[in-house]
Amino acid sequence: MVTREPAAPRRRWRALGARLFTRRRLAGALTAVGSVVGLATGRAREAETLVTGNASSREELRVLADEQAALRRVATLVARGMPPVEVFTAVAQEVGRVLDADATHIVRLDPDGTTTVAASTGAYADGFPVGSRWKIEPPVAVAAALRTGYAARFDDYHRAPGAYGDRLRKLGIRSGAATPIVVEGRLWGAIAVGMRRGRFPADTEQRMSCFTELIATAIANADSRAELRVLAEEQAALRRVATLVAGGASPTDVFDAVTAEFRRLLDGYHMALLRYEPDGTATLVSAHNEPGVTMPAETPWPLEGENVAALVLRTGRVARMDSHEGAPGWAAARIRELGFHSGVGAPIVVEGQLWGAAIVGSRRPEPLPPSTETRMVGFAELVGTAIANADSRAELAASRVRIVAATDGARRRIERDLHDGAQQRLVSLSLELRLAQSAVPPDLPELQTQIGQAIDELDAASDELREISHGIHPAILSEGGLRPALRALARRSAIPVELDVRADDRFRDTIEVAAYYVVSEALTNTTKHARASYAHVTVEQRDDILHLSIRDDGAGGADPTRGSGLTGLRDRVQALGGSIDVSSRSGEGTLIVVELPLQPD
């Protein structure tokens, strides 16, 4: 026979109030006992009734005290934030002792309708070990409680069906009672007690309900702590990725960081980033795979049919597929082949344009958690920011390259124009004057002298023009390379220059020009502003990097953000993919360190 009774704590407290009232009545009765001891025989029966009632009340108080002590012990565990598994074990032990049950266990209701044993004591400890899974069917009390959400009992377990019923009979359990455990409005599981002989008292289910409330509180507290822990871990992961983005990391590094962080947060699910292509396919740019899954990067994925990436492409919004069974298309077939069941995708948007998608896939039978979409959005936004930043840096670098190339081109045109135009005209004019001087009669010495002076002036003007042309782009740099060009630069310097060149190879024209003008500008600034007594220049090739350092013993205090000279050098160096660092503390001189990659990107 199965009876059901709502698991209402209010009834439990009503029963408790009745017992407290019984205690007050007991105090009055004990006083009355002292007055009836000397009564006549006719009143002796009444005194005997009072004594009997007092004994019953004392037993009720003892039971009540034991029950309250058990509840306090469990409540203390809950208040201390002990893990639910410890609370489960304590509740099972306390309930079994308070109710004088032969067996007690707590079961969790699983999504597939089966139950998992969370705690087990008494006869159930061996028969239903913790972690074992059972399919429990009515009319067993725990099955009825889980199906209806109300407390239930069953007093004829010899008719219990299934493997669970067989195990009960093997353990000698004949009757039982169960109360559901509800956590924040959701049926979580049940607590069940069993007895080998007799039946449980009528108020058993009510007495169990107080313990189920404590179990529910422990579970809710643990869930809240877990949610806070997950949130903290997620924020930490987002900060790590955001730091990479803010530091100017390459998109590839950000891709790998995002897939690694998100897969770790989702406890081992597959994570991938796809880039949408103009031809309607998607390219896998980064992935962190589960064991046994091979998805090489830069693999194109056709997006026809039904799949998460195609849904994101069509809608531009977060998409989910809890099953790919029967889904058409090559991608869905490949997903099934890899063993994936469900997936969630979030769009990656770069400056208002859909760039790609972040995809999480699961090979587990159950769908991905409901919070997956929300958690993916933050990472997808960081990926979009990283790509936009990289595009901006690439555009800036390309702009610098164009500016530097245009400047060099203009310089060469000026050199060519000076050489082919004004310089050649001066040379021709000088030759004509020399011819004219040779034709002047000897009796006109003054005219010869005047023509000679004009020739000298033309030669001086030609030399000055040649120096200007060389300053624009020294011919010795094009003809002899960096070493002789720097030597000539050091000789012309107004302050002594110690030159140490440890590179004999010729380099790309852009590298040699950049290195030359870095040294030239640095020495010019040293001469004009540093009040230095000497400068030291070092040029060294290390693997595929050309290292330059220019150091002086001047006043220091140079500000690299002020003045167009260093700004122009920085643009030239960074346009080549290099770096420039200026250190100039006041009173400690100035040090400029430049690194230029010798291999083009």
Side-chain angles (χ1 to χ4, degrees), residues 1-8 11-12 15 19 56 59-60 62-71 73-74 88-109 115-130 132 134-148 150-181 189-215:
M1 175 180 179
V2 178
T3 60
R4 298 172 182 170
E5 186 174 331
R11 294 188 179 184
R12 177 72 189 99
R19 292 185 182 182
S56 175
E59 177 61 21
E60 289 185 2
R62 185 192 65 76
V63 170
L64 179 61
D66 287 346
E67 185 176 329
Q68 294 301 308
L71 286 169
R73 286 190 290 271
V74 175
F88 297 160
T89 302
V91 167
Q93 292 172 345
E94 295 288 0
V95 168
R97 188 181 58 80
V98 167
L99 297 181
D100 197 22
D102 294 313
T104 307
H105 66 184
I106 296 172
V107 297
R108 183 189 70 233
L109 181 62
T115 60
T116 299
V117 177
S120 188
T121 62
Y124 285 166
D126 295 329
F128 300 101
V130 174
S132 60
W134 300 88
K135 184 176 182 180
I136 309 175
E137 301 175 358
V140 176
V142 66
L146 291 174
R147 177 167 294 187
T148 65
Y150 292 97
R153 65 168 55 210
F154 186 55
D155 294 329
D156 190 11
Y157 274 4
H158 74 277
R159 296 189 296 108
Y164 186 83
D166 293 339
R167 185 61 57 86
L168 289 173
R169 285 187 289 274
K170 184 177 181 181
L171 296 173
I173 302 299
R174 295 190 177 184
S175 64
T179 302
I181 300 170
I191 180 171
V193 291
M195 184 174 287
R196 286 171 168 164
R197 295 181 178 83
R199 298 178 179 180
F200 286 105
D203 64 346
T204 297
E205 294 92 318
Q206 292 180 354
R207 298 172 68 186
M208 293 169 64
S209 64
C210 292
F211 290 95
T212 61
E213 289 179 2
L214 289 173
I215 294 174

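The figures here come from the full heavy-atom set of this structure, side chains too, leaving out hydrogens, waters and symmetry mates.
- The CZ atom of Phe154 lies 10.0 Å from the OG atom of Ser175; values are rounded to the nearest 0.5 Å.
- For the pair Thr121 (side chain) and Thr89 (backbone), a donor-acceptor distance under 3.5 Å is absent.
- Arg196 CZ: more than 12 foreign heavy atoms inside a 6.0 Å radius.
- Residues Val142 and Ala192 come closest through the heavy atom pair CB-CB, 4.1 Å.
- Taking the six-membered ring for Trp and thresholds of 30 and 60 degrees, His105 and Tyr124 have ring planes inclined between 30 and 60 degrees apart.
- Contact record, Arg207 with Val98: NH2-CG1, 3.3 Å, taken as the closest heavy-atom pair.
- For the pair Leu146 and Ala190, the tightest heavy-atom approach, listed with the atom from each and the gap, is CD2-CB, 3.8 Å.
- When every heavy atom of Ala145 is checked against every heavy atom of Ala152, the shortest pair comes out as N-CB, 4.1 Å.
- The two residues Gly194 and Ile173 come nearest to each other via the heavy atoms CA-CG2, 3.9 Å.
- By the neighbour-count criterion of 12 heavy atoms within 6.0 Å, atom CZ of Arg169 is densely surrounded, having more than that number from other residues, nucleotides or ligands.
- Between Asp126 atom CG and Arg167 atom CZ the span is 10.0 Å, to the nearest 0.5 Å.
- In this structure, CZ in Arg97 is found 10.0 Å from CD in Glu67, a value given to the nearest 0.5 Å.
- Atoms OH and CD, on Tyr150 and Glu205 in that order, are 14.5 Å from each other to the nearest 0.5 Å.
- Ile136 CD1 to Leu168 CG: the interatomic distance, rounded to the nearest 0.5 Å, is 8.0 Å.
- Within the 4.5 Å cutoff, no side-chain heavy atoms of Thr148 are placed close to those of Pro180.
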Exercise. Start with the C-alpha gap between Tyr164 and Thr115, add the side-chain angles, then the distance that decides, and say whether side-chain contact (heavy atoms from CB on, under 4.5 Å) holds.
Key: CA-CA 11 Å; Tyr164 186 83; Thr115 60; 6.0 Å; no
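- For Thr179 (side chain) and Ser209 (main-chain N/O), no donor-acceptor pair under 3.5 Å exists by modelled atom type.
- When atom types are taken as modelled, the side chain of Arg153 and the backbone of Phe200 share a donor-acceptor pair closer than 3.5 angstrom.
- Taking each heavy atom of Pro139 and Pro161 in turn, the nearest pair found is CD-CD, 4.0 Å.
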Practice problem: Could you please spell out the steps behind the side-chain contact (heavy atoms from CB on, under 4.5 Å) verdict for Phe211 and Ile181? | Solution: CA-CA 9 Å; Phe211 290 95; Ile181 300 170; over 6 Å; no
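- Atom CD of Glu94 sits about 11.0 Å away from atom OG1 of Thr104, to the nearest 0.5 Å.
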